[in-house]
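Below is one structure, written out as structure tokens; the observations come after it.
Worth saying up front: this structure is predicted, and the values here are computed from it rather than measured. Residue numbers start at 1 and run along the sequence shown.
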Amino acid sequence: MDTRQGRQSPTVSVILPYKDTKGPEAIALYNATEKTALEWQESLSYDIMAVNEEGYWIHQKFGYSLPRRNGKSEDVIIRCLWGLKNSERILYTAHRASTAHAVWERLGRLCEKADITVESSFRAFGKEHLYCENDGVIEFRTRTSTGGLGEGYDLLIIDEAQEYTPEQETALKYVVSDSENPQTIMLGTPPTAISAGTVFPKFRNKVLQGGAFESGWAEWSVPEMSDPHDVELWYETNPSLGTVLKERTIRSEIGDDDVDFNIQRLGLWIKYNQKSAISKNEWLALQVKDLPKLKGELFAGVKFGHDGENVSLSIAVRTKDDKIFLEAYACRPISAGVAWILDFVDKARVKKIAVDGKNGIGILQDALKQAKLKKPVVPTVQEIIKANAMFELALSQATVLHMQQSAAEQVITNCEKRAIGSGGGFGYRSSVEGADISILDSMILAHWLCAESKAKKKQRIAY
């Protein structure tokens, strides 16, 4: 019985027409090293190395994206091995020095098995190189805003491209300009919430929209947020599942953060700039003039500010068309006490209330208990991370609504991201003086409770 394998062709791709390719030469050279390229790696190499009648690369620029641990670097190793055999000058760059060093080690071993004579192999961390007898050269660098300036190459590799910044692109994109047959390859995963790069997603969008010159793209991805437990999607988006990857490995990765799993394992591209804060246009596009028709129960979020000065309360409720309406109720000094919060929670018959902030969690918990009101939800760090990611996704998918509130608008459109936790999560901080970020945090908490709630279904009795 054959072992089931992941989808071998991209779920999304833009490949220019071609009749000839150097791919078979590169695959034969790679396989001669006692390695064996997977079917998807062969096919992708053919597309990357397609040539026209004059022998020039069809795709001067090529980008591809896969979920983690699928062996995405193998295709650039195949491409670089062929380049060294054919006397190319290559610059390989990565975000982390450890990534570049690992590729240098592997390529050095493969050169020996492929009968490529390496005259000089320099292993200084961050400045590795392989100089070959036939004038083939590959140099390895960790990316900076000045790296590569003044040097000339035929092939530029941008690994971990989700971290590729415009400043780095300015320093590197001209290093292949003097080549008679230049090529640039970008590879990586979809950006996460704290990824610094914007070049990779912009290139992707340009190619998919048909606005890129002599460029190609391939990706394995889901088009929207999906169920992490859907095994069929694992196979659809991970071409090395069944060979390099196992089902049990992916199953063990499922945790509390569905957004992160969708990005890193299912290849989801979030449709917003991951690194930037919330723009005014983005927020105003979700504004409504009249209160929408509401349904269901009310949820509240309370955030005690980091500076110990203010506490904010916001509310969230579902609309008839199953969106979530948000409103910042108030932001008041902590010194004013919490009686106003209790009064609101009681009179508004709030279904659930979430509270965050070391300066006041205990105070509010005790006050709610003494007033015989519902016990608040105190989210963990992982739940805060999830709440922030869910809110950003809701903005991009336009599933939240709000009415004009100048205080909330000032905070939301003047904030920037900050890293929280150890797993790549993010939160917010104000980028202007006088704007209290607790307003936004309380809205995110209320949205999280509302989004996580399940609407009651009316009981139906049939005879």
- Message: Using a 3.5 Å distance criterion without hydrogens, assess whether the side chain of Thr237 forms a donor-acceptor pair with backbone atoms of Tyr235.
- Response: no
- Message: Are the side chains of Tyr153 and Ile138 in contact, using a 4.5 Å heavy-atom criterion?
- Response: no
- Message: With a 3.5 Å distance limit and no angle check, can you tell me whether Trp220 reaches the backbone of Ser9 through a side-chain donor-acceptor pair?
- Response: yes
- Query: Does Arg318 reach the main-chain N or O of Cys450 with its side chain, forming a donor-acceptor pair under 3.5 Å?
  - Reply: yes
- Message: For a side-chain contact (heavy atoms from CB on, under 4.5 Å) check, start with the C-alpha distance between Leu172 and Leu91, then their side-chain angles and the critical distance, and finish with the verdict.
- Response: CA-CA 10 Å; Leu172 288 171; Leu91 177 61; 3.8 Å; yes
- Does Tyr164 use its side chain to pair, donor to acceptor, with the backbone of Arg143 at less than 3.5 Å? no
- Query: So, are Glu169 and Lys202 salt-bridged, with charged N and O less than 4.0 Å apart?
  - Reply: no
- Message: With rounding to the nearest 0.5 angstrom, report the CG to OG1 distance, Asn281 to Thr413.
- Response: 10.0 Å
- Reported CE-to-CE distance for the pair Met225 and Met390, which is rounded to 0.5 angstrom: 7.5 Å
- Task: Apply the test salt bridge (Lys or Arg N to Asp or Glu O under 4.0 Å) to residues Glu214 and Lys61: give CA-CA distance (whole Å), side-chain angles for both, the deciding distance (0.1 Å), then the verdict.
- Result: CA-CA 7 Å; Glu214 293 186 356; Lys61 291 185 177 180; over 6 Å; no
- Does Asn262 use its side chain to pair, donor to acceptor, with the backbone of Asp258 at less than 3.5 Å? yes
- Query: Passes salt bridge (Lys or Arg N to Asp or Glu O under 4.0 Å), Glu219 versus Arg204? Steps please.
  - Reply: CA-CA 10 Å; Glu219 71 180 56; Arg204 171 185 182 264; 2.6 Å; yes
- Message: Could you tell me if His59 and Gln183 have a donor-acceptor pair between their side chains, going purely by distance under 3.5 Å?
- Response: no
- Query: Taking Trp234 for the side chain and Pro228 for the main chain, is one N or O donor matched with an acceptor at less than 3.5 Å?
  - Reply: yes
- Task: Evaluate whether atom NZ of Lys352 has more than 12 neighbouring non-hydrogen atoms of other residues, nucleotides or ligands under 6.0 angstrom away.
- Result: no
- Side-chain donor/acceptor of Arg418 to backbone N/O of Tyr428, under 3.5 Å: yes
- Here the gap from Met186 atom CE to Ile157 atom CD1, rounded to the nearest 0.5 Å, amounts to 11.0 Å
- Donor on one side chain, acceptor on other, Asp321 and Thr319, under 3.5 Å: yes
- Query: Under the 3.5 angstrom rule, does the side chain of Asn388 hit a backbone N or O of Ile444 as a donor-acceptor pair?
  - Reply: no
- Whether Gln8 side chain and Trp40 backbone form a donor-acceptor pair below 3.5 Å: yes
- Apply side-chain contact (heavy atoms from CB on, under 4.5 Å) to the pair Phe140 and Leu107, showing each step before the final yes or no. CA-CA 11 Å; Phe140 299 83; Leu107 198 55; 4.2 Å; yes
- Message: For the backbone of Glu383 and the side chain of Thr380, can you confirm whether one donor and one acceptor N or O come within less than 3.5 Å of each other?
- Response: yes
- Query: Are Thr99 and Glu160 close enough that a side-chain donor and a side-chain acceptor fall under 3.5 Å?
  - Reply: yes
- Looking only at heavy atoms, which two atoms of Pro190 and Ile263 are closest? And how far apart? O-CG2, 3.6 Å
- Query: Is Arg69 atom CZ crowded by more than 12 heavy atoms from other residues, nucleotides or ligands, each under 6.0 Å away?
  - Reply: no
- Message: Go through it in stages, so that I can follow the logic: the residues are Leu291 and Phe325, the test is side-chain contact (heavy atoms from CB on, under 4.5 Å), and I'd like the CA-CA distance, side-chain angles, deciding distance and then a yes or no.
- Response: CA-CA 9 Å; Leu291 185 67; Phe325 178 76; 3.6 Å; yes
- Query: What's the shortest heavy-atom distance between Ala161 and Ile158, and which atoms?
  - Reply: CB-O, 3.7 Å
- Task: Kindly compute the distance separating OG1 (Thr184) from CG (Leu156), expressed to the nearest 0.5 Å.
- Result: 4.5 Å
- Item | Worked check of side-chain contact (heavy atoms from CB on, under 4.5 Å) between Asn238 and Arg265 | CA-CA 8 Å; Asn238 291 271; Arg265 179 50 61 207; 2.8 Å; yes
- Query: Strictly by modelled atom types, are Gln397 and Thr399 linked by a side-chain donor-acceptor pair under 3.5 Å?
  - Reply: no
- Minimum-distance pair of heavy atoms, taken over all atoms of Val12 and Ser221: CG2-OG, 4.2 Å
- Looking just at side-chain N and O atoms, do Trp217 and Ser65 make a donor-acceptor pair shorter than 3.5 Å? no
Taking distance alone, no hydrogens or angles, what donor-acceptor pairs closer than 3.5 Å link side-chain atoms of residues 354-370 to residues at least two apart or in another chain?
| from | atom 1 | to | atom 2 | distance (Å) |
| --- | --- | --- | --- | --- |
| Asp356 | OD2 | Lys303 | NZ | 2.8 |
| Asn359 | ND2 | Gly305 | O | 2.7 |

- Side chain proximity check, Ile250 to Phe261, heavy atoms < 4.5 angstrom: yes
- Message: Looking at Asp322 and Lys295, is any side-chain nitrogen of the basic one under 4.0 Å from a carboxylate oxygen of the acidic one?
- Response: yes
- Item | Heavy-atom pair of closest approach, residues Ala37 and Ile78 | CB-CD1, 4.3 Å
- Note on the structure: Between Ile48 and Trp57, the two heavy atoms sitting closest are O-CE3, 4.5 Å
- Query: Between Glu253 and Arg68, is there a salt bridge with N-O shorter than 4.0 Å?
  - Reply: no
- Item | Which residues share a ring pair (Phe, Tyr, Trp, His ring centres under 6.0 Å) with Tyr329, sequence neighbours left out | Phe344
N/O donor to acceptor pairs below 3.5 angstrom from side-chain atoms of residues 307-316, sequence neighbours left out:
| from | atom 1 | to | atom 2 | distance (Å) |
| --- | --- | --- | --- | --- |
| Asp307 | OD1 | Glu309 | N | 3.0 |
| Asn310 | ND2 | Asp436 | OD2 | 2.7 |
| Ser312 | OG | Ser438 | OG | 2.7 |
| Ser312 | OG | Ile439 | N | 3.4 |
| Ser314 | OG | Ser442 | OG | 2.7 |

- Query: In terms of side-chain geometry, is the basic nitrogen of Glu42 or Lys35 positioned less than 4.0 Å from the acidic oxygen of its partner?
  - Reply: no
